[in-house]
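Numbers restart at 1 for each chain; the letters A, B, ... are given by sequence-line order, proteins then strands.
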There are 2 protein chains.
Amino acid sequence: MDSAVARERALDAAEELFYGRGIQSVGMDDIRGASGVSLKRLYQLFPAKEQLVEAYLERRDGRWRGRLAEFVELRSAPEERILAVFDWLEEWFGEEGFRGCAWINSYGELGATSDRVAAQVRAHKRAFGDYLASLVAAAGRPAALAGPLFLLAEGAMVTAGITRSTRPAAQAREAARTLLEPR
Amino acid sequence: MDSAVARERALDAAEELFYGRGIQSVGMDDIRGASGVSLKRLYQLFPAKEQLVEAYLERRDGRWRGRLAEFVELRSAPEERILAVFDWLEEWFGEEGFRGCAWINSYGELGATSDRVAAQVRAHKRAFGDYLASLVAAAGRPAALAGPLFLLAEGAMVTAGITRSTRPAAQAREAARTLLEPR
DNA sequence: ACCGTAGGAGAACGCTCGTTCTCACGTCAA
DNA sequence: TTGACGTGAGAACGAGCGTTCTCCTACGGT
């Protein structure tokens, strides 16, 4: 098996297991079993579990933000683009296997003990916040709107994860619409 | 040492360590060292670690909501009481040792593997949401306001925990004020 | 004074898991 | 053909930790 292929399979297994069951409760042997990549190869590709965790979060970050941006691009009106973020959240929340925000969960699990994971979570959230801010700026709205919209989105992710419901997305969208109304 | 005293000391140590470093990275031996309660006594009081975790979350839930309600009671105007929630969040975020919401963190750590912890987190969040709803009702405002306010508060907690900043509280308060404005 | 009981200190046990090692096998260059 | 090398399967190692056990001391009732 090609190294690149083995790497992808390992990351696929890591993503499914880490996201679904939490990082600490998944062993390297579980990754091996789910990916078919031998332990020897796993440790060649990722010298320690923590590096596999980092690679998982990093790949997921790119994909997550990519999917969001792709969805948002379908709308042309700047205000609609902002609201589309919440529409996308609703789709995401409804997906099979949704278990909340991977970064918030990882932060709860490892934020206090792993500086590198904590930094990655902060970077992801900053990137998401910056993206929201860019949408607000593109709509010609005051920059101060971005913070509250970000908080609504974060609250929706956390609440959807805990309550296993898509409803927070619609609530957040509605609140966002109100905040966006001209006064 | 009296049993009741030992129990309190054990819970004090559990709260400080579990909240500060995460649950899984704290061993029963750490609890013993920090509390001065022997392992034998610990296991008499809490037959397994999971029960200590539950007792920790339960006691913290009572105290947390008690402190919040106490703070809110200081205001008399119904609208002010709603906003006071966010003022209290700001105070809380600024406390030494603040590390985000204990329940959100616990959910990230154990939500996928412990049904009892997951249920306790849901119960805590439901109680907080109900409390917010009662403040909204007391102010004679539409019940639909409670959801968005809840999401703002949750988003603020998560963001304050990750970024180690008190700013999300003020942002959430400002957004809440806007949502409360008569239109 | 004596015995039964409770409690403390900490060793011990058993399991999990991250990481490394062994060994047998297949491959490819010379 | 041969030998060096890479690889897979899985055993082995070592640490951490939840839980229990041992042993010793102190004390309370008679």
Is [Y] paired with [X] through a side-chain N to carboxylate O contact shorter than 4.0 Å?
X: Glu174(B); Y: Arg177(B); value: yes
X: Glu90(A); Y: Arg173(A); value: no
X: Glu73(A); Y: Arg81(A); value: yes
X: Arg32(B); Y: Asp29(B); value: yes
X: Arg7(B); Y: Asp2(B); value: no

Can you tell me how far [atom2] of [N] sits from [atom1] of [X], to the nearest Å?
X: Leu52(B); N: dC17(D); atom1: CG; atom2: C1'; value: 14 Å
X: Lys49(B); N: dG16(D); atom1: NZ; atom2: P; value: 15 Å
X: Leu42(B); N: dG18(D); atom1: CG; atom2: P; value: 11 Å
X: Leu45(A); N: dT19(C); atom1: CG; atom2: C1'; value: 15 Å
X: Asp2(A); N: dG6(D); atom1: CG; atom2: C1'; value: 14 Å
X: Arg41(B); N: dG7(C); atom1: CZ; atom2: P; value: 5 Å

All salt bridge (Lys or Arg N to Asp or Glu O under 4.0 Å) counterparts of Arg63(B), not counting sequence neighbours: Glu8(B)
B/S/- along nucleotides 20-26 of chain C (protein heavy atoms under 4.0 Å) is B-B----
Test applied, ring-ring contact (aromatic ring centres under 6.0 Å, His included); reference residue, Tyr56(A); option that passes from Phe46(A), Phe18(A), Tyr19(A): Phe18(A)
Hey, which of these two, Glu50(A) or Ser38(B), hits DNA chain C nearer its 5' end, going by closest nucleotide? Ser38(B)
Which ones in residues 108-118 of chain A lie close to DNA chain C, meaning a heavy atom under 4.0 Å from one of its atoms?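 Here the set is empty: none.
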Using the ring of each side chain (for Trp, its six-membered ring), is Trp103(A) parallel, tilted or perpendicular to His124(A), with breaks at 30° and 60°?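 Geometry flag for His124(A) against Trp103(A): parallel rings.
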Test of understanding: with side-chain hydrogen bond (donor to acceptor under 3.5 Å, both in side chains), list the residues that count as partners of Glu15(B), not counting sequence neighbours.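 side-chain hydrogen bond (donor to acceptor under 3.5 Å, both in side chains) check on Glu15(B) returns Arg59(B), Arg60(B).
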Short side-chain N/O contact to dA6(C) OP1/OP2 from Gln44(B), under 4.0 Å: no
Per-pair distances, 0.1 Å, donor-acceptor, side chain in residues 126-153 of chain A, under 3.5 Å, sequence neighbours excluded:
{"residue": "Ser134(A)", "atom": "OG", "partner": "Tyr131(A)", "partner atom": "O", "Å": "2.6"}
{"residue": "Arg141(A)", "atom": "NE", "partner": "Glu79(A)", "partner atom": "OE2", "Å": "3.2"}
{"residue": "Arg141(A)", "atom": "NH1", "partner": "Leu180(A)", "partner atom": "O", "Å": "2.7"}
{"residue": "Arg141(A)", "atom": "NH2", "partner": "Glu79(A)", "partner atom": "OE2", "Å": "3.3"}
{"residue": "Arg141(A)", "atom": "NH2", "partner": "Leu180(A)", "partner atom": "O", "Å": "2.8"}

Under a 3.5 Å threshold, yes or no: a donor from one side chain and an acceptor from the other, between Thr159(B) and Arg167(B)?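 Side-chain D/A pair, Thr159(B) to Arg167(B): absent.
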Those residues of residues 10-30 of chain B lying under 4.0 Å from DNA chain D by at least one heavy atom: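 Those residues whose heavy atoms fall under 4.0 Å from DNA chain D, taken from residues 10-30 of chain B in numerical order, are Val26(B), Gly27(B), Met28(B).
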